[in-house]
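Read the structure below first, then the notes.
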Protein chains: 2
Amino acid sequence: MSDTKKIGRPRNFDYDEALVRAMSVFWTKGYDGASVRDLTGAMGIAGPSLYAAFGDKRELYLKTIDHYRDADACAPLVALEAEDDIEKAVRDFLCEVIRSATEHESGAKGCFLASCVVTTVGQVDGVAERVEAAIDDTEKRLAARFDREIGKGTLPPDFPSRERAALLFDLRQGYMFRGRAGWDKERMQKDIAARVRMVLSH
Amino acid sequence: MSDTKKIGRPRNFDYDEALVRAMSVFWTKGYDGASVRDLTGAMGIAGPSLYAAFGDKRELYLKTIDHYRDADACAPLVALEAEDDIEKAVRDFLCEVIRSATEHESGAKGCFLASCVVTTVGQVDGVAERVEAAIDDTEKRLAARFDREIGKGTLPPDFPSRERAALLFDLRQGYMFRGRAGWDKERMQKDIAARVRMVLSH
DNA sequence: TGAATTATGTATCGAACGATATATATTAGG
DNA sequence: CCTAATATATATCGTTCGATACATAATTCA
């Protein structure tokens, strides 16, 4: 848009990086559990800088949600779309779900939206519509992946893309729950083959 | 055990009822979001009574979890076990899941464990083991329901009970998520028939 | 009936909460 | 350079948090 420099003293922190660090705090501690001091500490800035740059705690929270969505940070979805062979793609999706549900990047397990944000739906204004939009968007992208195969002829024309997209979505929710509860990767991987077959059966 | 009355002034509130009310507060507001004042207000008692009867906030929280489990409060599971016809039973299970995910009893939607407690796993000591035990118990009961049908001959001997139990579990998680996000009952009910078929397919 | 025991109600504790007032530092434009 | 504009650092605001001290009420047991 404009590379004209703004007047006034410039920030000495990176906006997006601070946002990611804030997300990580919300992710691990929850909305209420994350204090402003926790946030400023992780973001490497002082209180007034947080309020000047992001508004208040709630607005910062909403901004982390939007950033998560915009950054296309859902690895399983990306994996499903990247692999051309649909069977491998579904398997990759499930493997990636299990990985993200068990491995913890910066202490945060699972999906930021599915495991963390969703719990604040009735509690923090602005969250509900974002979560609902995220579900719709995710399921549309999942269904589109199946439709792509129908176009290629790999799946029959009457393949129930939307139903199976919803199934993938729900399987993910289950894995996220198990991951949170401490299940290990190996235990979850046992059903992958059968589940791939189920998702693609017709 | 003993109907001998205890010495000292008796309580003038019902222990279990207070526990249920506390659970409802945790359910709707989350662990951190539920203040001791919220809790005492809903329970109809004063602070010191709470601490005397239940310990501190965390111990009260753990007690609500145990009470939820002991009360067999998971309606879908009960519905699955109660119906003799396995096809109807699975359908009843899914219908009950959708109902509990969308209707709000005392403002709380979804499953207390699956939608609320799980988010405090890494945060509140004592929660992780309870959640893991709850998953194991639930999946065992789901699988046992299928095994019952194998015994009757309604399902083949090689029917993958454990796999399908896990599937039912994960479908539930998906519905709970959608319910939290504001999906309405009708939208979720569209896939029931196909899902019943999928769960019982062999 | 008095001693022991337990619960209740009021009032409040120190700590942590979210948020901000104030003064200073750093930039662009005139 | 001076002014306007924005960011920073320090210090702290009033509130709410989880948790308790204290005095009083209600019960059992001797």
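Below, chain A is the first sequence line, B the second, and so on; all start at residue 1. As a basis for the values below, the full set of heavy atoms in this structure was taken, side chains included, without hydrogen atoms, waters or symmetry mates.
The nearest whole Å value for the distance from the CD1 atom in I45(B) to the C1' atom in dA7(C) is 11 Å. What separates CZ of F54(A) from P of dT8(D) is a distance of 10 Å, to the nearest Å. If you take CZ of R9(B) and C1' of dT28(D), they are 15 Å apart, rounded to a whole angstrom. Put simply, CG on L50(B) is 14 Å from C1' on dC17(D), counting in whole angstrom units. For K6(A) and dA28(C), the NZ to P distance is 13 Å, given to the nearest whole Å. Separating the CD1 atom of I7(B) from the C1' atom of dG2(C) is a distance of 14 Å, rounded to the nearest angstrom. When rounded to the nearest whole Å, the span between CG of D14(A) and P of dA7(D) equals 14 Å. For Y31(B) and dC17(D), the OH to P distance is 14 Å, given to the nearest whole Å.
At a cut-off of 3.5 angstrom, counting only N and O atoms as typed in the model, there is no donor on one side facing an acceptor on the other between the side-chain of R11(A) and the base of dA7(D).
In terms of phosphate contacts, N12(B) brings a side-chain nitrogen or oxygen within less than 4.0 Å of OP1 or OP2 of dT8(C). Between S49(B) and dT8(C) there is a side-chain polar atom (N or O) within less than 4.0 angstrom of OP1 or OP2. The side chain of S35(A) places no N or O atom within less than 4.0 Å of a non-bridging phosphate oxygen (OP1 or OP2) of dA16(C).
Annotation: side chain of R195(B) is in contact with side chain of L171(B) (closest heavy-atom distance under 4.5 Å). Using a 4.5 Å heavy-atom cutoff, the side chains of V131(A) and R180(B) are not in contact.
Taking the six-membered ring for Trp and thresholds of 30 and 60 degrees, F177(B) and F169(A) have nearly parallel ring planes, at less than 30 degrees apart. A perpendicular orientation is assigned to the rings of F112(B) and Y61(B), their planes being inclined by more than 60° (bins at 30° and 60°).
Heavy-atom distances to DNA chain D give each of V36(B) and G8(B) a nearest nucleotide, and the one nearer the 5′ end belongs to V36(B).
Partner of V196(B) under the side-chain contact (heavy atoms from CB on, under 4.5 Å) criterion, chosen from D191(B), I86(B), L94(B): L94(B).
Within the nucleic acid shown, P48(B) comes within 4.0 Å of at least one base atom, counting heavy atoms only.
Closest contact between the side chain of K57(B) and the listed nucleotides dA26(D), dA19(D), dT8(D) involves dA19(D).
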